[in-house]
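Notes follow the structure.
Here is how names work: the chains are called A, B, and so on, in the same order as the sequence lines, proteins then strands, and each is numbered from 1. What's counted below: heavy atoms across the whole structure, side chains too, no hydrogens, waters or symmetry copies.
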Amino acid sequence: MNAAATRPGARRQSWRTRVRKNYQRYSLVYWLCLPILAYYIIFHYLPMFGICIAFQDYRPAKGVFGSKWVGLKHFLSFFTSDYCWRLIRNTLLINCYNLIFGFPAPIILALLINEVKCAPFKKTVQTISYMPHFVSMVVICGLLVDFCASTGILTTITTFFGFERTNLLNSPKLFRTIYVASDIWQQIGWGSIIYLATLSTTDPNLYEAAVIDGAGRFQQVIHVTLPTLVPLIILQLIMRMGQMMSVGYEKIILLYNGLTYETGDVISSYVYRRGLQSGDFSFGTAVSLFNSFCNIILLVAANTLSRKLTNESMW
Amino acid sequence: MVERKTPASRAFDVCNYIFLVFLSFICLYPMWHVLVGSFSDPVQLTKHYGPLIRPLGFSLEGYKVVLHNPNVAIGYGNTLFYVIVGTLSRMFATLIGAYVLSRKGFMFRKVMTFIMVFTMYFGGGMIPTFIVVKAVGLYDSRGAIIIPTLIATWNMIIMKTALQNVPDSLEESARLDGANDLVVLFRIILPVTKATVAVICLYYAVAEWNSWFNAMIYLRDNSKKPLQIFLREILLQNSQNSGNQTVQADADVSAIFLEELIKYCTIIVATVPILCVYPFVQKYFVTGVMMGSIKE
């Protein structure tokens, strides 16, 4: 094949001939490619095509081709509804809290674990802190509902601080706090892995040099440890920025109820409730398309920013 | 490292250790609370509002009820089926996809890579996917849990990177011995990359064990539902009902006392397998996280 490619006439070979030659050499790959391609077309590209129902009054009985086209009707009715602002606000606020409190938490944990010199202790703390990551979302939310119930242990703890004994999860004021705090609890250990791994590659000579220069523990952290993490932190931060408009629906759906829609309902959970639960397929798809559109813009912006600042990008 | 320990440095160490022990305690306590609670006496447990250090009294009543609940047994069986069949078929498909993408001479490699990677950034969303799954006849079938999520593109990219790192010379020498593509894939390449295969299998298995959303929207028939769906009914849906309504006067009093205990026992029954396994496999997950972070 290499010989064929270097022959002067090779470039003039038609596309068809090249495919045929390539097929002769890689026939198995071609055949293996087909089922994979079929999977992607059916379960990823057909749904993308299905987004067109956002511009229709989709009726399952009539199908995508028989339903009436209505243009931007669903988008307009979403943007003019009271829900629109509430959903965008809740989605952004949950992400903001997550960014402010949830993002630094694993970094701080990694720095603290890195200061531990006793290896078995280090290992034990790490293994224990990974545990919540492996517990299923249903169980996590079951625990939260139980602990936040009016007889639950978290409620009991809050009564020590002078709060009334009520079901915490029925309080709109507390929903986002509980959501973000439990997220941190679940992900802090797991999130620290990537930072700890980067720290383990730090050159020990740097610390020795710092000690010779008279740097104390705290100064070593500030001047040696933290700078090794900075590129990673910037990259992770930018990737977070690209997800500011998306909140996973699973935990929201499990935790919220009619009393907490005001602060807990986010775009994705609303799509589920209106689209799948109430069967309003077209409207739900329109809201979801609006959300994807925002996500793509944020992602492209974040990626461009990343390329400018760190020379690293996702594509 | 020779280091002079100043008092401040010592004080920091002490605080650091205390903090990390406290954090570990917070991570462990909820499961401990549930474990201890599950062996407690139902009446004492319901009346107890604070933390639990050890069982309040002792009873196995909750476990009796849970293990006699047919749904728990059905759910367990189904979850095992989805985890085993799902992981094997997903791994197989992922491997095939990764193999296709890793063949450098394959003319459509770039196109295929684009087709697959594009789906990581943009998708049809929940509702169109639901319509497609319904249209291809998978609704309310076991296939609906496995087939629509057959390949996690991210895992496939990791697998592809591993396959690409297999030295060409290994493959070429096998070819000189007359091995065909399939033999090369399964006899030569796969054994070299088995660490990655193991990691991805674990990822798929744990994700399947914990997943519930697709089962909730695609399955109607109780006999096909996985454990997490029944868990949700026991843990979340009952409580939401009883939380909003006042307890009826004629309700069975002992059943009310059992409710909390049953919840705890169900959580233990459903979570213990994962909790027993994770300390031993977590190091593979850690390698997985690192593989994901390495750029090609």
Measure distances from [X] to the heavy atoms of chain A and classify the residue's part below 4.5 Å as side chain, backbone, both or neither.
X	answer
B:M116	both
B:L227	neither
B:F130	side chain
B:L23	side chain
B:Y264	side chain
B:Y29	side chain
B:F122	both
B:T266	neither
B:T271	side chain

- Query: Pick one: which of B:V136, B:V133, B:I147 meets side-chain contact (heavy atoms from CB on, under 4.5 Å) with A:I42?
  - Reply: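 Single side-chain contact (heavy atoms from CB on, under 4.5 Å) partner of A:I42 among B:V136, B:V133, B:I147: B:V136.
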Quick one: what part of [X] sits under 4.5 Å from any heavy atom of chain B, side chain, backbone, both or neither?
X	answer
A:Y40	side chain
A:D146	side chain
A:I296	side chain
A:V64	neither
A:F281	both
A:C52	neither
A:F121	side chain
A:Y23	neither
A:S268	backbone
A:L109	side chain
A:L32	both

Taking [options] one by one, which has the highest count of heavy-atom pairs under 4.5 Å against chain A?
options	answer
B:I274, B:L182, B:T129, B:L20	B:L20
B:R103, B:K134, B:R109, B:H48	B:R103
B:P148, B:A207, B:P51	B:P148
B:L231, B:V206, B:I26	B:I26
B:W209, B:Y99, B:F108, B:F19	B:F108

What's the shortest heavy-atom distance between [X] and [Y], and which atoms?
X	Y	value
A:M48	B:G123	CG-C, 4.0 Å
B:L28	A:I128	CG-CG2, 3.6 Å
A:P47	B:P128	O-CB, 3.3 Å

- Could you walk me through whether B:M107 and A:W15 pass the side-chain contact (heavy atoms from CB on, under 4.5 Å) test, one step at a time? CA-CA 11 Å; B:M107 265 181 69; A:W15 190 73; 3.9 Å; yes
Are [X] and [Y] an aromatic pair by the rule of ring centers under 6.0 Å?
X	Y	value
B:Y278	A:Y130	no
A:F218	B:F12	no
B:H33	A:F147	yes

- Task: Could you walk me through whether A:R25 and B:F106 pass the side-chain contact (heavy atoms from CB on, under 4.5 Å) test, one step at a time?
- Result: CA-CA 9 Å; A:R25 169 64 187 78; B:F106 176 49; over 6 Å; no
- Query: When rounded to the nearest 0.5 angstrom, what is the spacing between CD1 in B:I115 and CD1 in A:I36?
  - Reply: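 Rounded to the nearest 0.5 Å, the CD1-CD1 separation comes out at 12.0 Å.
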- Roughly how far apart are B:I96 CD1 and A:Y39 OH, rounded to 0.5 Å?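 Going from the CD1 atom of B:I96 to the OH atom of A:Y39 covers 14.5 Å.
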Just so I understand: if I count every heavy-atom pair under 4.5 Å between each of [options] and chain B, which residue has the most?
options	value
A:I188, A:L289, A:V116	A:V116
A:W190, A:F49, A:F134	A:F134
A:Q126, A:M131, A:E115, A:H44	A:M131
A:G50, A:A54, A:S288, A:C33	A:C33

- Message: Please verify the inter-ring angle class for A:Y249 with B:F213; under 30° counts as parallel, over 60° as perpendicular, anything in between as tilted.
- Response: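 Tilted, since the angle between the ring planes falls between 30° and 60°.
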- Considering only NZ, NE, NH1 and NH2 on the basic side and carboxylate oxygens on the acidic side, decide whether B:D13 and A:K117 come within less than 4.0 Å.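 No, B:D13 and A:K117 are not salt-bridged.
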- Query: Counting only heavy atoms not in B:R175, do more than 12 fall under 6.0 Å of its CZ?
  - Reply: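 Yes, the 6.0 Å shell around CZ holds more than 12 heavy atoms from other groups.
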